[in-house]
Amino acid sequence: MTEDSLEKQRQGLIVRLTEVRERYAQCVADVPIEVATRGSEWSIVDLLRHTTGGGYRTMLTRLLKEDNPQMSGFDAGANWRRVADSILTDIDEVIKVASDLTVEELGRSGQRGDQAIGVLDVLTLIVNHYDEHLRQLIEEVRPREGLPQV
């Protein structure tokens, strides 16, 4: 391919990306949070998370940084293992941060809107968030999918 041809293709992709971005902006601008998160199957939030999942960006990064990388097709099993492991890794990282905090760090605070918020407040929010979605997984999603009670 000629340099000119590659540049035309790139410009075409940039135009398409710009148009797609504008349409996403239009599609999400009027969506209230209640609608964005409605339902447990493929809500607007779920769709956007999937869309920004990063698989294609990872391929792009590999092509730019590695010499002739061997790209495999989408491996649903490997993807599921990564997703399942990521929640455990995420929680492990929070546990490590919480465990390593000094007394001085525990006392740090800031503002969230018009209210003070401290490190322990945020850690509590994190734990509550994990717990809320764990209950959802246990009480709603697993039974819906016919999985045994845990």
Using every non-hydrogen atom in the two residues, find where [X] and [Y] come nearest and quote the distance to one decimal.
X	Y	value
Ile138	Pro143	O-CD, 3.2 Å
Leu106	Val119	O-CB, 3.9 Å
Ser43	Thr37	CB-C, 4.1 Å
Asp30	Gln26	OD1-O, 4.1 Å

Would you say [atom1] of [X] has more than 12 non-hydrogen atoms from neighbouring residues, nucleotides or ligands within 6.0 angstrom?
X	atom1	value
Glu7	CD	yes
Gln149	CD	no
Glu104	CD	no
Arg62	CZ	yes

Taking salt bridge (Lys or Arg N to Asp or Glu O under 4.0 Å) as the cut-off, I'd like each qualifying pair that reaches into residues 115-139, sequence neighbours left out, listed once. Asp131-Arg135
According to a 4.5 Å side-chain heavy-atom criterion applied to Ile, Leu, Val, Met, Phe, Trp and Tyr, with indirect links allowed, do [X] and [Y] form part of one hydrophobic cluster?
X	Y	value
Val45	Val35	no
Leu123	Ile95	yes
Tyr24	Ile44	yes
Met71	Tyr56	yes

To the nearest 0.5 Å, what is the distance between [atom1] on [X] and [atom2] on [Y]?
X	Y	atom1	atom2	result
Leu125	Ile117	CG	CD1	5.0 Å
Ser109	Leu120	OG	CG	11.0 Å
Ile87	Tyr130	CD1	OH	5.0 Å
Glu3	Arg10	CD	CZ	10.0 Å
Asn128	His133	CG	NE2	11.0 Å
Arg81	Ser86	CZ	OG	13.5 Å

Heavy-atom check, side chain of Arg142 versus side chain of Pro148, under 4.5 Å: yes
Any ion pair linking Lys96 and Glu93 (charged N to carboxylate O, less than 4.0 Å)? no
Is there a side chain to side chain contact (heavy atoms under 4.5 Å, CB included) between Val94 and Val127 once you walk through the steps? CA-CA 9 Å; Val94 174; Val127 173; 5.9 Å; no
Within the distance-only criterion (no hydrogens, no angle test), does the side chain of Glu105 pair as donor or acceptor with the backbone N or O of Thr102 below 3.5 angstrom?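 Side chain of Glu105 to backbone of Thr102, a donor-acceptor pair under 3.5 Å: yes, one is there.
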With clusters built from Ile, Leu, Val, Met, Phe, Trp and Tyr whose side-chain heavy atoms come within less than 4.5 Å, directly or transitively, what are the remaining members of the cluster of Leu60, listed by chain and number?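 Members alongside Leu60: Leu64.
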Regarding Gln115 and Arg112, do their side chains bring together a donor and an acceptor under 3.5 Å, going by distance alone?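 No.
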